[in-house]
Amino acid sequence: MRYIRSVALSVTLILLMAPVTLKAEEMMKRELFGRTKWGTNIEKITLINKKGIKAEFITRGATFCAMKVPDREGKLADVLLGFDKVSGYESEGNQYFGCIAGRVCNRIGKGQFAIDGKKYQLYINNPPNHLHGGNGNSLDKVVWNADEVKCDQGGSVKFSYHSPDGEENYPGNLLIEVTYTLTDNNEVRIEYYATTDQATPVSLTNHAYFNLAGAGSKTVLNHELTLNADHYTATDETLIPTGEIAPVKGTLLDFTTPHLIGERIDKLTDTPWLGYDHNFVINRKGDGLVQAAKLKDPQSGRVLTVFTDQPGIQFYSGNFLFGQKGKQGKEYAYRSAICLETQHYPDSVNKPDWPTVILRPGEEYHHVCVYAFSVD
Ligand code: BGC
């Protein structure tokens, strides 16, 4: 019996590893996903690599909505939270699942900032602050254009959106492009670009929620996390940074060596956060891509490694998930997924000493994030 099982396992592994030659149309599929409540078509784009692994995206919010990756035995599970229908994405249950968040992701204190002496007031959607770009037309809610792109690294889809001057009270016409590439090594590379015709703050991120045991599994507290961060941005009780770059050493935020997420989470009782919801300062020398985080599900062996060129990463432990029903009717329980969002530090627009988020005409915003899936 054990012999049969090990032969079956070897055959599965050989099949998964065997190189496959794909025609262009087999690397990408484009179809209608559904319609918004206003009747706009939402498309779904599926990228398929040589291993047969698929990554799915929809044009609402340029959302990364499904990714099935193998465990140690080659068994596939979709590790991303999401919905089967557009109405799910339009519902209260959608807490920024897989979307592009912006124009400025995370929080801006009291929604206020000034550029070159001119004051701006943004929408307060997370009282008393502005969160993830505002209200009705934040980047997670609008419909993006999608173009297929051929590249050597794998199939890509390029989403683009023109955010007009004054949208969500942000200044300037902002042209944004977000390209997702699925490589044959099961990496999803996200490349962000933006240009403007007026000085304006920009900090984009992807807000994917991961559970490496499969979306809908009860908890993420049994996942092991490592963060390449010796410091974090200390905040007030409304999660606005005080300006202090504080050491993680000796605190519950020290993930410089691997720790289970559940190991210390309940000790965060004297914080207002109900769990992890912190921005970490990524250790880096120079500007290039560095490993920011590594998440592992010890049971399945699935691993997610996050690389980025950004200064910060928000680790959010799904503290506001409430059992909403997602794909295939699965429930997304409290703390059953985590986000690892690469970005600038929150409220940077009001912190002149921090890396700037102000984009000026003639400059280009550029950000790379790689979500690499593997097994251990
Ligand atoms: C923030 C959380 C917020 C969540 C909303 C995260 O990026 O850090 O505070 O509640 O997004 O889904």
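Whatever order the structure lists ligands and atoms in, that order sets their numbers, starting from 1. The residues of the chain are indexed from 1 along the displayed sequence.
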Chemist: Kindly indicate whether a cation-pi arrangement holds for R264 with F255, taking the cut-offs as under 6.0 Å to the six-membered ring centre and within 45° of the axis.
Modeler: yes
Chemist: Looking at T181 and S156, what are the two nearest heavy atoms and their distance?
Modeler: OG1-OG, 2.7 Å
Chemist: Any protein N or O within less than 3.5 Å of an N or O in ligand 1? List each pair with its distance, or say none.
Modeler:
unit_1: ligand 1; atom_1: 7 (O); unit_2: H132; atom_2: NE2; d: 3.0
unit_1: ligand 1; atom_1: 7 (O); unit_2: H207; atom_2: NE2; d: 2.9
unit_1: ligand 1; atom_1: 7 (O); unit_2: E341; atom_2: OE1; d: 3.0
unit_1: ligand 1; atom_1: 7 (O); unit_2: E341; atom_2: OE2; d: 2.7
unit_1: ligand 1; atom_1: 8 (O); unit_2: D277; atom_2: OD1; d: 2.5
unit_1: ligand 1; atom_1: 8 (O); unit_2: Q314; atom_2: NE2; d: 3.1
unit_1: ligand 1; atom_1: 9 (O); unit_2: R107; atom_2: NH1; d: 3.1
unit_1: ligand 1; atom_1: 9 (O); unit_2: R107; atom_2: NH2; d: 2.8
unit_1: ligand 1; atom_1: 9 (O); unit_2: D277; atom_2: OD1; d: 3.4
unit_1: ligand 1; atom_1: 9 (O); unit_2: D277; atom_2: OD2; d: 2.4
unit_1: ligand 1; atom_1: 11 (O); unit_2: H132; atom_2: NE2; d: 3.0
unit_1: ligand 1; atom_1: 11 (O); unit_2: H207; atom_2: NE2; d: 2.9
unit_1: ligand 1; atom_1: 12 (O); unit_2: Q95; atom_2: O; d: 3.3
unit_1: ligand 1; atom_1: 12 (O); unit_2: Y209; atom_2: OH; d: 3.0

Chemist: Charged N to carboxylate O under 4.0 angstrom, D78 versus K327?
Modeler: yes
Chemist: Once you measure the plane-to-plane angle for Y120 and F113, does it fall in the parallel (<30°), tilted (30-60°) or perpendicular (>60°) bin?
Modeler: parallel
Chemist: Is the closest side-chain donor-acceptor distance between H366 and E191 under 3.5 Å?
Modeler: yes
Chemist: Evaluate the ring planes of H207 and Y209, with Trp represented by its six-membered ring, and classify them as parallel (under 30°), tilted (30 to 60°) or perpendicular (over 60°).
Modeler: tilted
